[in-house]
Amino acid sequence: MNAPIKAPGLVGVISGDTEVSTVGKEGLDLTYRGYSIRDLSAHATFEEVAHLLVHGSLPTTPQLSAYRDKLAGMRALPAGLKTTLEQLPPASHPMDVLRTGVSALGCMEPEGPEVRDSADRLIASFPSMLLYWHRFVQSGERIDETAPGEDTVAGHFLQLLHGTTPDPDHRRCLDVSLILYAEHEFNASTFAARVITSTRSDFHSAITGAIGALRGPLHGGANEAAMDLIGQFSSPEEADAGIREMLAARKLIMGFGHRVYKESDPRSDIIKEWSKKLSAGHERAHYYPVSEVIEKLMWDKKHLFPNADFYSATAYHYCGIPTPLFTPIFVMSRITGWTAHVIEERAAGKLIRPTGDYVGPQPTEWVPIEKR
Ligand code: COA
């Protein structure tokens, strides 16, 4: 056995090998199975990336078409799941709705012999679950969750959300964002999925746990927190003054900083371009210059840079997406990376179980209950 190493937050600890992605490696871009995020976000669609991560390779044209058909055919929800969703309190956070949805689906359609089929089922049905519930609590409508006219995950989501054919720029912006969020090595939610998998538990348990980890504002929840922050300011000048005050009070500025990246997050500039493009002519166009001022100030004062969540917030806002649905979009995408890691962890087969340094009371004499 190796000598124990103490690393709070597991900072700097390499907990295993991975073939899925490279994050923050010297001289290497962010890559998924060797493909640069820049190429994938410029040339691929989310379904190609999902195929790469879940099924191991970029699809050929006939494979992509078959994969899209497979996913489109898996969008319908079982009646029991719709009933479950209808029972959830309207004030539930949408992340809790997805967490519950996966857990319930794990009872109704337990994992079979091929985990990739369960993964495809979730890729296809996350927009259905989320928006069936969302539209039901908003207006009491029981929508057709299959959106037959749209053949992509991004189109499916936007069609269900707005009930109309999506604007092509909004559809592509969401598609690119799904590509950017799809995979990021041993981040907290993926690690949670790997820990659960390492106990030889089932796929739905791993994904339910991963959603719980992603929900927090230090991880996926940062995109919602960033939107709340940006939305407070009505001009760049106000933002400049407000952020200075927050920094003086040692507050965290959501959407900035990263555990692994030290100089920049390669995903940020890509989604920033979309935020800029979609801001033009929008009634809240000022959110974009507000964001730029915050970016500059954070760099000048703290040498901190926007992570993927910061500009995703305004990009989503400009697509007409309500803020509480931002982190669930992350789930719709990251399910692909989580699945790749579940498969990899199963092959690794080693229980993940660190130890803690005991700092509690010294051995203490037993005190009978009547003498306490
Ligand atoms: N705003 C203000 N200060 C920040 C900051 C932020 N967003 N992120 C880091 N810092 C500061 C910390 O306060 C700390 O300062 P100190 O040394 O004076 O105490 C220093 O930078 C190092 O940060 P630390 O919290 O130790 O880094 P970490 O690796 O543990 O945390 C994050 C990484 C992502 C959790 C952290 O940057 C953060 O909380 N960011 C905001 C949430 C967010 O955007 N999360 C999404 C991540 S993709």
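Note that these values count all heavy atoms, side chains included, but never hydrogens, waters or copies made by symmetry. Both ligands and their constituent atoms are indexed starting at 1 by order of listing.
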What are the atoms of ligand 1, with element, lying closer than 4.0 Å to any heavy atom of Ala222? 43 (C), 44 (O), 45 (N), 46 (C)
For atom 4 (C) of ligand 1, what is the nearest protein heavy atom, given as residue, atom name and distance? Leu304 CD1, 3.4 Å
Are any of the protein's heavy atoms under 4.0 angstrom from atom 8 (N) of ligand 1, yes or no? yes
Which part of Val11 is near ligand 1, with near meaning a heavy atom under 4.0 Å away: side chain, backbone, both or neither? neither
Gly255 heavy atoms within 4.0 Å reach ligand 1 at atoms 43 (C), 44 (O)
At what distance is the nearest protein heavy atom to atom 30 (O) of ligand 1, and which residue and atom is it? Arg259 NH2, 3.1 Å
Note: Lys70-Asp117 ion pair, threshold 4.0 Å (strictly below): yes
Within the 4.5 Å heavy-atom criterion, are Leu105 and Pro78 side-chain neighbours or not? yes
If the threshold is 4.0 Å, N to carboxylate O, is there a salt bridge linking Arg33 and Glu183? no
I'd like to know if Gly9 contacts ligand 1, where contact means a heavy-atom distance under 4.0 Å to any ligand atom. no
Please check atom 17 (O) of ligand 1 for a protein heavy-atom neighbour under 4.0 Å. no
Take atom 2 (C) of ligand 1 and look for protein heavy atoms under 4.0 Å from it; say yes if you find one, no if not. yes
List ligand 1 atoms under 4.0 Å from Asp309, heavy atoms only on the residue side. 46 (C), 48 (S)
If the threshold is 4.0 Å, N to carboxylate O, is there a salt bridge linking Glu150 and Arg75? no
Check whether any protein heavy atom sits under 4.0 Å from atom 24 (P) of ligand 1. no
Between Glu344 and Arg194 (salt bridge meaning N to carboxylate O under 4.0 Å), is one present in this structure? yes
Measure from the ring center of His282 to the ring center of His317 and say whether it is less than 6.0 Å. yes
What part of Asn307 sits under 4.0 Å from ligand 1 if we count only heavy atoms: the side chain, the backbone, both or neither? side chain
Salt bridge Asp175-Arg171, side-chain N to carboxylate O under 4.0 Å: no
Any non-hydrogen protein atom less than 4.0 Å away from atom 48 (S) of ligand 1: yes
Under the criterion ring pair (Phe, Tyr, Trp, His ring centres under 6.0 Å), which of Phe310, Tyr261, Phe305, Tyr311 is the partner of Phe256? Phe310
Testing the 3.5 Å rule here: is there a donor-acceptor pair between the side chains of Asn223 and Thr327? yes
Measure from atom 44 (O) of ligand 1 to the protein's non-hydrogen atoms and state whether any distance is below 4.0 Å. yes
Quick check on contacts: which atoms of ligand 1 are under 4.0 angstrom from a heavy atom of Arg250? 18 (O), 19 (O)
As an exercise, identify every atom of ligand 1 less than 4.0 angstrom from a heavy atom of Lys302. 3 (N)
Close N or O approach (Leu252, ligand 1; < 3.5 Å): no
Heavy-atom contact check, 4.0 Å cutoff: does Pro217 meet ligand 1? yes
Are Lys276 and Glu295 ion-paired here, with the side-chain N under 4.0 Å from a carboxylate O? no
Against heavy atoms of Lys251, which atoms of ligand 1 measure under 4.0 Å? 2 (C)
Of Thr100, Thr84, Leu98, the residue whose pairing with Met129 passes side-chain contact (heavy atoms from CB on, under 4.5 Å): Leu98
Just distances here: any N/O of Phe256 and N/O of ligand 1 closer than 3.5 Å? yes
Is the shortest distance from atom 28 (P) of ligand 1 to a protein heavy atom below 4.0 Å? yes
For the residue pair Ile271 and Ala308, what are the closest heavy atoms and their distance? CG2-O, 4.0 Å
For His219, atoms of ligand 1 separated by under 4.0 Å from a heavy atom: 46 (C)
Pair Arg215 + Asp96: basic N to acidic O under 4.0 Å: yes
